[in-house]
Every structure is written in structure tokens, then in C-alpha cells.
Amino acid sequence: MCGITGWVSFGRDLTHERKVLDAMTETMACRGPDACGTWIDRHAALGHRRLAVIDPVGGAQPMTVHTEQGDVTLVYSGEVYNFVELRDELTRLGERFTTSSDTEVVLRGYLRWGAALADRLNGMYAFAIWDARDQKLVMIRDRLGIKPFYYCRTPDGVLFGSEQKAILANPLAERVLDADGLREALSYAFTPGHAIWTGIQQVEPGTMVTVDAAGVRERTYWRLETRPHTDDVDTSVGRVRELLDDIVRRQLVADVPRCLLLSGGLDSGTLTALAAAHLGDERVPTFAVDFMGQAENFKPDDLRDTPDTPFIHDVAEHVGSEHTDIVLDPKTLADPDVRRAALIARDTPVGVGDMDFSLYLLFKAIREKSTVALSGEAADEIFGGYKHMHVPAIQRARAFPWIAVSVGPFDKDATGLNPQLVSQLKLEEYRLDRYDSAVGEVERLGSEDDFEHRMRIMIHLHLTRFMRYLLDRKDRMSMAVGLEVRVPFCDHRLVEYVYNAPWSLKTYDGREKSLLRGAVEGMLPESVAWRPKSPYPSTQDPYYSRELQLQGKELLTRRNHEVFELVDRGWLEAATEREPAAMDRLTRLGLERALDLGMWLDVYHPELRLP
């Protein structure tokens, strides 16, 4: 797991641009605390920051293979879980390896198979290869978009990076936030390929981008396809279990300490139980986040019926894990320095408040003991676990489901924003346009009735939009502290198989996530196996709300701040005077967003080009 960046220019000699490359590379020091490397040729410059996980000694980057026709050089971020099999195959074909790293497997796989290498990879990855034989750059991103990857076209080439900040460190990139970027940030449409900064876009999941003197070309090598599912319940449950066993076994491989993230739900419990079974006598380390006093003072709300901690401990005791609770106090959670760290990590002006900060602090604490963590992210999107997926009104709504739901971390009502700006942005029209476009991507199976097709759309939207947002959030917060988080449920084999299982099969026992529950029957305590979905936790402590108000009052003293082009000053004044203990969800969301926007403007100093 690492950070990559680079610059390709066919109109200048980049050997004179080392200082710029160094600056681009340095922006991702947190992603790769173990080593730094750069490589420069006339028309290509590559930078790499390394977090050593596989072959710490031999996997240094950028990595080059010399050929008679020219050098082929790689910068790579991520993990390929089938690298051992690929290395064996390449060895039989005549390739010779000098390291035991998966990086060299990717590079020599490209030499042998070219861009077709992508079809053979199982893992999470974003990598760029400068092929001097043809004077071209090839950028490839994993199928599900687990690893972030951005690029920016220039008049004579491209800039690229794991994060947008690497691109922004180059003088050719403009720090501009225009109306379209702000629409994307505030609409929660999560449009594929879209980035907030003007001129920057994502390498889309399952896509390769080739850059040469003739221009930039994109090719999709994988997409979520509709196929018939002919397996019955027992066969389907068995296949899911078989896949999960193989996936967890592969993803436990590391040359550094690893652990499991435990939340007290079916998803993380499944991975923990499977990992414990594979590790045998080796106790699996588990970590969970909690808030000071929350377990004792928890109050059910619209999102969460129960606190996580009792269920977390049930799993830990059941599998015999070596468990640690990371308990956060509200003062630390509200610390502006923590907000700044999380904001810089994610690059974007709008997040999910204390759920970002607690995730960052959780990962920071874990990193003191482990370098790799397995997480249950994406199971709800794949197996149909969200409560709103089972609400008829939301199933029928002409809207993104995470927006149609009446409660959640996303404020579709733009609470606290400048009313004139909201009117000019036309957020509702933007969401509807993006929604209709997304629905148009979904292939219908000839045998599907209207309801089954509607639920296929539901899953497709979550897998191609919402899940990518969650994956990006997890990647940014973990890599900000040098922790690699692996997401076993995002193995493309599992996603393809379960996506095509009809909704009636996904809910064959009348509950959500039936296929997953059936696949691990008997491996979890009953309290967890049948626990309803509970989202990532959020603090209920009034102290946190009070601290938000104090920071909001400080922001109000900066009367000429650009943030008031975006935020309604009058609303913010009223919000800072409310009783903290009685603050409603939307008010707190609005306060968190106002503070995020203000700090983001201070940190990045963008030029605002608003309607």
C-alpha cells in the first residue's frame, strides 16, 4: 500500500523538473512512511511513497526493467492477492524474478501480457507504467475502485496521483472549485469519474487510461454485468462460503502485523470468525471504536437501535480474539487539529463529521500495533443489508436511495447553506439528472419482473456510487496514518456472483443479507448473527455539539471569510445559540459542514467560481 504520482510531458524535458516531482511525491508521505523514490526520464517523471507490506527489503519503487527497446518503469499502490499464482505462471513462461514482492509480479506481468495483465489481477490496486519502448503511460485501477487514482490533462500530457493534492502540487494544476464541483460535493450523487477540483478526474474503476503523444484514451476492462443466476439456495450459500474462505485466506497474507476491524455486526463478525479459523492457534487481534460513556448512556435514535460495544465483545469472546477497544473522548473528537488532519486526508470540502474524525483516530491508534487491517466494508451494498433497501417507498423512489431515506449522514436539504447559492446550484435537478443517467447503465435480465429489476437497480446504484464513496473514505483516513485496510467483500468474484443472485434469493429467509448469514451459520454468536443493521457509530455526547458551536462562533468573527459565500451567516448565528443537548441531527450536520467548508478554504485556498 503506497502513494503514487507522476508527470508525463511530450513538450518539455522533465529531467529539469525534479523539484516539482519531489513536491508532488512529498504530499503523500503519510501514505508511504517507509520509503520514498523518484524516477525521471525526458518525457516522464514518476514518484512513489512506500508502506512496506510484502517483501519490505525487495519491493522498492519506482521499479524498472531494462529491455533492448527501452526501459519499463512502474509505480504501484495496493495489493495483488493472487501474486503467488501469477509469479509461478510467469516463471514457467520464462520470466526471472529478483524479489518476492507483488510489485515485481505486476511489472513482469505487464512485460509478458501487456495491458491484458489487468484481466488477471485479483486485488486492490492503482498503478502507472511508463513504457519507453512506445513512449506511453498506462494507468490501471482496480475493478471496484478500492484504491483512489486521479489524473489531470495538460496541453502536452498528464499529471496523476493517488490523491488530488499530489496533482495540485504541480504549477500546471489550477486550484479552482467551480459550480459543477460544488454540486458534486453537495449533492451526494457520487458520480463515477468526477472529482471536486476543476480539471481533475478519476481513473474510473475497472478502467485503463493510456497516454501518448497522440492524446489520452480510456478503455474499460471490467464492468458490473447482468447475468443469469441458476444456482438454488443451498448451492448459492455454499458458493458464497467457498469464496469467502478463499478471499480471507488470501488477504491475511502479509509480512507485517495484521488485525481485524470489529463493529459488532454480521459483516465484521464474519471476517473475524473466518480469520480466526484460518489462523488456528494464532489469536487474531481485533479493534473497535467506542465513545466515552456511550455504552452506559446510549439512547436509541432513527439510525441506531443499540450500542455496538456489547455485540463487539460477544464476537471477541466467541472467537477468542485479542481485542482492544479504542475509546474516544468528546474533547479529542472535536479538536480542530483532528478536523484538519481528516480534511487534508480526504481532499474534499464535505464529509460526515465526527464519523470521519473517529475513523481517523481509530486508525491512528491501530497503527501503533498493526500495519494491515481487514474491514467489513461493502457487505451491505453487495448482500442488501441497508434498512432503506427494504422500505417500499424508497424502493420505488426516483432518487438515490441514500438521499431518499429520511435519516442518515447526508443532508439532502442543504441545511445552513447560503439559500441563494443553493437555488443557483439547482441541486435537486442535478441529483435527478445523475440518477436517471445511473439507472440507464443497468442491464435488465429478460426473465426479471419489474420488482426484481428495481432491486437490481438498487444494488447497482450502491455498488457503483455509494460503495465507492465509503471505500474512498476508508482509504483516505487509513492511509493518512500509514495503515493499509483491506476489504475482502470487494473481491470481484464475490461481487459478480452475489450481484446476479435475485433479490428473492438475497432475502430467502425473510431477512436482509440472507446469503451471508447462511454462509457463516454457526460461526457467530446468535446475538450478532441476527442483529439488524447498525451504521458506523456517532457520538451522542452534548459536549461535542457544544464544541462545534464554540468553533462556529469563532468562524463568525471572521466576517469577510469566503465561507459566507457558501454558508448562511444568519443560520450559523442561530445554530451556535441552541441548547447543545437538544441539538437535532440536521443542525449538527449543518454546523459540521460549515466548519469543514471554512477550514477547507483556509487549507487549500481555492479560487471559487460560483454561479
Side-chain angles (χ1 to χ4, degrees), residues 1-67 70-78 98-99 101-104 106-108 110-111 125-141 147-154 156-173 200 203 209 211-212 347 479-480 482 484:
M1 192 71 72
C2 308
I4 65 173
T5 190
W7 182 5
V8 168
S9 172
F10 295 101
R12 69 173 77 193
D13 184 351
L14 293 182
T15 59
H16 303 300
E17 302 291 349
R18 180 170 293 277
K19 286 186 178 180
V20 176
L21 177 63
D22 287 346
M24 295 170 69
T25 306
E26 184 59 25
T27 63
M28 295 178 302
C30 59
R31 295 186 75 91
D34 295 330
C36 175
T38 57
W39 177 93
I40 300 182
D41 200 359
R42 181 176 179 83
H43 296 305
L46 308 179
H48 185 265
R49 292 292 313 211
R50 187 182 185 207
L51 176 65
V53 172
I54 302 292
D55 190 10
V57 176
Q61 297 183 49
M63 185 177 284
T64 299
V65 171
H66 306 289
T67 76
D71 290 351
V72 181
T73 303
L74 167 74
V75 283
Y76 160 73
S77 170
T98 60
T99 77
S101 68
D102 59 334
T103 303
E104 188 177 7
V106 172
L107 180 54
R108 294 193 179 277
Y110 173 80
L111 289 171
Y125 46 83
F127 60 87
I129 296 175
W130 173 250
D131 191 338
R133 299 172 302 179
D134 299 314
Q135 293 290 295
K136 69 180 181 182
L137 179 77
V138 179
M139 297 183 284
I140 299 178
R141 189 178 182 192
K147 300 308 298 175
F149 204 177
Y150 296 86
Y151 72 102
C152 174
R153 301 179 190 228
T154 65
D156 64 349
V158 297
L159 310 171
F160 69 85
S162 293
E163 298 181 3
Q164 297 174 73
K165 63 174 65 68
I167 294 171
L168 293 173
N170 190 300
L172 294 178
I200 298 179
V203 177
V209 178
V211 183
D212 57 23
D347 279 338
M479 292 307 294
E484 174 179 304

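For this chain, numbers begin at 1 and follow the sequence in order.
- Annotation: the span from Leu46 atom CG to Met24 atom CE amounts to 10.0 Å, rounded to 0.5 Å.
- For the pair His43 (side chain) and Ser9 (backbone), a donor-acceptor distance under 3.5 Å is present.
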Checking side chain to side chain contact (heavy atoms under 4.5 Å, CB included) for the pair Met139/Val211: CA distance, chi angles, key distance, verdict? CA-CA 8 Å; Met139 297 183 284; Val211 183; 4.1 Å; yes
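- Using modelled atom types, no side-chain atom of Glu163 and backbone atom of Met28 make a donor-acceptor pair closer than 3.5 Å.
- Among the candidates Thr64, Ile129, Val138, Asp134, the single residue satisfying the side-chain contact (heavy atoms from CB on, under 4.5 Å) test with Val72 is Ile129.
- Closest heavy-atom contact between Ala480 and Cys30: O-CB, 3.3 Å.
- Minimum heavy-atom separation, Met479 to Lys147: CG-NZ, 4.2 Å.
- Side-chain N or O atoms of Ser77 include none that pairs as donor or acceptor with a backbone N or O of Tyr125 at under 3.5 Å.
- Relative orientation of the Trp130 and Phe10 rings is tilted, given thresholds of 30° and 60° on the angle between their planes.
- A salt bridge links Lys165 with Asp347: the distance from a Lys NZ or Arg NE/NH1/NH2 to an Asp or Glu carboxylate oxygen falls below 4.0 Å.
- Between the side chain of Gln164 and the backbone N or O of Tyr150 there is no donor-acceptor pair closer than 3.5 Å.
- Here the closest non-hydrogen pair linking His48 and Ile4 is CD2-CG2, 3.8 Å.
- A 4.5 Å side-chain heavy-atom check between Thr38 and Pro62 finds every atom pair outside the cut-off.
- Distance check, rounded to the nearest 0.5 Å: CZ of Phe160 to OH of Tyr151 gives 13.0 Å.
- Nearest heavy-atom pair across Cys2 and Arg49 is CB-O, 2.8 Å.
- The CG atom of Asp41 sits 7.5 Å away from the OG1 atom of Thr73 when rounded to the nearest 0.5 Å.
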Please lay out, stage by stage, how Ile40 and Leu21 fare under the test side chain to side chain contact (heavy atoms under 4.5 Å, CB included). CA-CA 9 Å; Ile40 300 182; Leu21 177 63; 3.5 Å; yes
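- Among residues at least two apart or in separate chains, salt bridge (Lys or Arg N to Asp or Glu O under 4.0 Å) pairs with a member in residues 6-20 are Arg12-Glu17, Asp13-Arg42.
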Chi angles and distances behind the side chain to side chain contact (heavy atoms under 4.5 Å, CB included) call for Leu107, Gln61: CA-CA 11 Å; Leu107 180 54; Gln61 297 183 49; over 6 Å; no
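- Here the straight-line distance linking atom OG1 of Thr99 with atom CZ of Arg108 works out to 8.5 Å at 0.5 Å rounding.
- In terms of heavy-atom proximity, Arg133 sits nearest to Leu111 at NH1-CD2, 4.0 Å.
- The shortest heavy-atom contact between Gly78 and Asp102 is O-OD2, 4.0 Å.
- With Leu159 as the partner, the side-chain contact (heavy atoms from CB on, under 4.5 Å) test is satisfied by one option alone out of Ile167, Val20, Leu168, Ile200: Ile167.
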Go through it in stages, so that I can follow the logic: the residues are Val65 and Tyr110, the test is side chain to side chain contact (heavy atoms under 4.5 Å, CB included), and I'd like the CA-CA distance, side-chain angles, deciding distance and then a yes or no. CA-CA 11 Å; Val65 171; Tyr110 173 80; over 6 Å; no
